[in-house]
Amino acid sequence: MDKLYDLVIIGSGPAGMAAAIYAERALLKTVVLEKTGVSGGQIINSLELDNYPGLPGISGYEWGVNVRAHAEKTGARFVTDEVTEILDLGERKEVVGKKERYLTKAVFVATGANARLLGVPGERELTGKGVSYCATCDGAFFKNQTVAVVGGGDIALDDALYLARICKKVWLIHRRDALRGVRILQEKVFNTPNIEILWDSTVSRVNGTDEVTSIDIRNVKTAETTTLSVQGLFLAVGMIPNTDGIAGLPALDAAGYIQAGEDCVTEIPGIFAGGDVRVKKLRQVSTAVADGANAVTSVSEYLLTLS
Ligand code: FAD
């Protein structure tokens, strides 16, 4: 650990890689640590990244490969290592990986998040073939079709309302007899004619071979099972931020997201956070990339304050 970095970036998803490009152009001594060895983050699981401006229809995997090549062309260095701890030594931070330790002046945490799975048969096999965890990303593929949304919180209600403008019919499936989302969203859902709520219900199986054709619904009060014909299934049962396995992070909110604003500044001087792992409204590639750019601006300003 003889080398001193200006910036250690944790995670090579959209936020981490955008930050790497900006950091290289700002001539910061930088390293990107990625636990999987593959760059792109969650988006590599998407068959089509169709809402990123300028690249209609590109696959998530291809986008990840392209951005990694772009970052490497600017001089960015990627190392496969999983970070388990950040030690705050004042004007220096020590980033502890499973393989190595990295001494740095600043850290950008861009470890992302993962959608919570339902864990039912057919879910994994049909992900990207009708099963989706992101209405904003995939809703447009289901124009005039029938879809179901699972969940009862704000995100599920937002998703149902968004999809109701695109799809012929939206089933909202909720395991309880009352929604959890804010009142104003509930009212909107109740007043949208093409949204129908199935109360006290869970999805027990996703059916289809090459694409989703139907889902099995179980009523939790009667145990009765019915089959609902749908082309799309949107799961909005929560996200899990990747903050669990890293000690020494700045303050988290109740759901485990790092508290940082658009400038990616956290409560600990020298530790910045952005992308899906920070508290924010919309978790998308474009907003993650924006965070990467903003973070490096904040890092550059911070470095000027050091002795
Ligand atoms: P992530 O993409 O989650 O990347 C985080 C990276 O950090 C990962 O590579 C991870 O391995 C690494 N990491 C985590 N912990 C550690 C650690 N301890 N040490 C080292 N590395 C670590 N958005 C769109 O805009 N349009 C779409 O069409 C779209 N489709 C999607 C489809 C799917 C199936 C999914 C799952 C998401 C989709 N999204 C889409 C959302 C988008 O992918 C995310 O908003 C975006 O990837 C967030 O970027 P990020 O860099 O913040 O985090």
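Only heavy atoms go into these numbers, but all of them, side chains included; no hydrogens, no water, no symmetry mates. For clarity, every value in this text was computed on a predicted model and none was experimentally measured. Indexing begins at 1, ligand by ligand and atom by atom, following the structure's order.
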Participant: Work out whether the distance between some heavy atom of Pro14 and some atom of ligand 1 is less than 4.0 Å.
Facilitator: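 Within the 4.0 Å threshold, so yes.
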Participant: Which residue and atom name correspond to the protein heavy atom nearest atom 7 (O) of ligand 1, and how close is it?
Facilitator: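 Result: Gly11 CA, 3.2 Å.
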Participant: Does the N or O separation between Gly274 and ligand 1 drop below 3.5 Å for any pair?
Facilitator: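 No; every N/O pair is 3.5 Å or more apart.
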Participant: What I want to know is whether Ala15 and ligand 1 share at least one N or O pair that is separated by under 3.5 angstrom.
Facilitator: yes
Participant: Which residue holds the protein heavy atom closest to atom 52 (O) of ligand 1, what is that atom called, and what is the gap in Å?
Facilitator: Asp276 N, 2.7 Å
Participant: Given Glu24 and Thr74, is the side-chain hydrogen bond (donor to acceptor under 3.5 Å, both in side chains) satisfied, shown in steps?
Facilitator: CA-CA 6 Å; Glu24 288 300 329; Thr74 61; 5.4 Å; no
Participant: Which residue holds the protein heavy atom closest to atom 32 (C) of ligand 1, what is that atom called, and what is the gap in Å?
Facilitator: Ser46 CB, 3.6 Å
Participant: Any idea which part of Asn114 is under 4.0 Å from ligand 1, heavy-atom wise: side chain, backbone, both or neither?
Facilitator: neither
Participant: Check Asp291 against ligand 1 and report side chain, backbone, both or neither, counting heavy atoms closer than 4.0 Å.
Facilitator: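 Neither; nothing of Asp291 gets under 4.0 Å from ligand 1.
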Participant: Identify, for atom 18 (N) of ligand 1, the protein heavy atom at the shortest distance, and state residue, atom and that distance.
Facilitator: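 For this ligand atom, the closest protein heavy atom is Val83 O, 3.1 Å.
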Participant: Among all protein heavy atoms, pick the one closest to atom 29 (C) of ligand 1 and tell me residue, atom and distance.
Facilitator: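 Protein heavy atom at minimum distance: Cys137 SG, 2.9 Å.
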Participant: Hey, is Ala110 touching ligand 1 through its side chain, its backbone, both or neither, going by heavy atoms under 4.0 Å?
Facilitator: backbone
Participant: With a 4.5 Å heavy-atom cut-off, do Asp158 and Lys281 have their side chains touching?
Facilitator: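 Yes. Closest side-chain heavy atoms under 4.5 Å.
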Participant: Measuring from atom 23 (N) of ligand 1, which candidate in Gln42, Gln284, Glu85 has the nearest non-hydrogen atom?
Facilitator: Gln284
Participant: Who's the nearest protein heavy-atom neighbour of atom 14 (C) of ligand 1, and how far?
Facilitator: Thr111 O, 3.3 Å
Participant: Charged N to carboxylate O below 4.0 Å: is that the case for Asp6 and Lys105?
Facilitator: yes
Participant: Check ligand 1 against Leu33 and write out every atom of the ligand that is under 4.0 Å from a heavy-atom position of the residue.
Facilitator: 20 (C), 21 (N)
Participant: For ligand 1, is any non-hydrogen atom under 4.0 Å from Ser132's backbone (N, CA, C, O), its side chain (CB onward), both, or neither?
Facilitator: neither
Participant: Report the nearest protein non-hydrogen atom to atom 12 (C) of ligand 1: residue, atom name, distance rounded to 0.1 Å.
Facilitator: Glu34 OE1, 3.4 Å
Participant: At under 4.0 Å between heavy atoms, is it the side chain or the backbone of Asn51 that contacts ligand 1, or both, or neither?
Facilitator: side chain
Participant: Counting both backbone and side chain atoms, is some N or O of Lys35 under 3.5 Å from an N or O of ligand 1?
Facilitator: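 Yes.
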Participant: Does Arg180 pair with Asp154 as a salt bridge, N-O distance under 4.0 Å?
Facilitator: no
Participant: State whether Lys129 and Glu211 are salt-bridged, where the test is any N-O pair (Lys NZ or Arg NE/NH1/NH2 against Asp/Glu carboxylate O) under 4.0 Å.
Facilitator: no
Participant: Is the shortest side-chain heavy-atom distance between Cys134 and Arg283 below 4.5 Å?
Facilitator: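 A side-chain contact under 4.5 Å is absent here.
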Participant: Where is the nearest protein heavy atom to atom 41 (C) of ligand 1: which residue, which atom, and how far?
Facilitator: Arg283 O, 4.1 Å
Participant: Please work out whether the ring planes of Phe190 and Trp199 are parallel, tilted or perpendicular, with thresholds of 30° and 60°.
Facilitator: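 It falls in the tilted class, 30° to 60°.
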Participant: Less than 6.0 angstrom from the centroid, inside 45 degrees of the normal: does Arg278 satisfy that with respect to the ring of Tyr257?
Facilitator: no
